[in-house]
Each structure stands twice: as C-alpha cells, then as structure tokens.
Amino acid sequence: PDILPPFPYGNYADTQADLRAAIRHERRVELAMEGHRWYDLVRWGVAAEVMNAYREQESDAAKAHMNPFVKGTHERFPIPAAEINLNPMEQNFGY
C-alpha cells in the first residue's frame with residue numbers, strides 16, 4: 001500500500017518546472033522561521049513578485065505602512081556608513 005501523502009503542490013510530473021516547484025515548496029516548509037526565505041526569493045528572481053503579491057493581500061491600513069517592492073533596488077541592503085567611511089566606496093543604488 002502507498003503510505004506517502006500526496007504532494008502539497010499538486011501532481012508531480014517529471015519536468016523541470018515541477019521539480020523547481022517541489023524544491024521551492026519544500027524549502028519554504030522545512031526552513032520556515034529560519035531566515036532563509038528572503039535569500040531564496042532573491043536568488044530565484046521572484047522577490048518582487050512575491051513581496052508585491054503579499055502587499056496586495058493586506059488591508060488598506062497595513063498597505064499605508066508598506067512601500068511597493070522595487071526590483072533592482074530592494075534586493076540589496078544598504079552599505080553601513082561606517083563601512084563606507086573606513087573603505088571609501090559607493091553606496092548601493094537606491095540608498
């Protein structure tokens with residue numbers, strides 16, 4: 001008898017897209033609350049899509065405190081001013 005539960009992301013076929021969906025779902029579930037999700041979203045190039053979709057589902061009151069995600073800017077962190085003072089360099093674009 002088959003004792004394994006069905007895949008939570010739907011039917012699994014032997015395709016690249018389905019394998020990616022399976023891996024992304026598994027990382028989201030297994031690494032929940034461990035601080036890896038943000039880096040996965042940026043690495044996979046879907047951070048803007050996911051973050052803006054999340055913002056759209058929020059209430060108007062919550063949206064008032066959230067800026068839209070800007071692709072190409074918000075994937076990077078600002079370089080701390082102390083580091084720029086120690087080693088002159090340019091700040092990341094958008095900060």
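Hydrogens, waters and symmetry mates play no part in the numbers below; they use all other heavy atoms, side chains included.
- Criterion: ILVMFWY side-chain heavy atoms under 4.5 Å apart, direct or through other members. Under it, M89 and F77 are not part of a common hydrophobic cluster.
- Of all heavy-atom pairs spanning E58 and A62, the tightest one is OE1-CB, 3.6 Å.
- A distance of 13.0 Å separates CG of L41 from OH of Y54, quoted to the nearest 0.5 Å.
- Checked by atom type and distance alone, the side chain of Q91 never pairs as donor or acceptor with a backbone atom of P78 at under 3.5 Å.
- For E34, the salt bridge (charged side-chain N to carboxylate O under 4.0 Å, His left out) criterion is met by no residue, not counting sequence neighbours.
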Stepwise side-chain contact (heavy atoms from CB on, under 4.5 Å) test for R37 and L31
CA-CA 8 Å; R37 179 126 172 97; L31 301 174; over 6 Å; no
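- From R24, atom CZ reaches atom CG of L19 across 10.5 Å, with rounding to the nearest 0.5 Å.
- If you take CD on E30 and CD1 on I23, they are separated by 13.5 Å, rounding to the nearest 0.5 Å.
- A side chain to side chain donor-acceptor pair (under 3.5 Å) check over residues 71-87, counting only residues at least two apart or in different chains, returns nothing.
- Under the side chain to side chain donor-acceptor pair (under 3.5 Å) criterion, the residue pairs touching residues 40-50 are R27-D40, D40-R43, with sequence neighbours excluded.
- Closest of all the heavy-atom pairs between F69 and A47 is CZ-CB, 3.9 Å.
- More than 12 heavy atoms of other shown residues, nucleotides or ligands fall within 6.0 angstrom of atom CZ in R55.
- Taking CD1 of I79 as the reference point, atom CG of N92 lies at 4.5 Å (rounded to 0.5 Å).
- Other residues, nucleotides and ligands contribute only 12 or fewer heavy atoms inside 6.0 Å of the CD atom of Q16.
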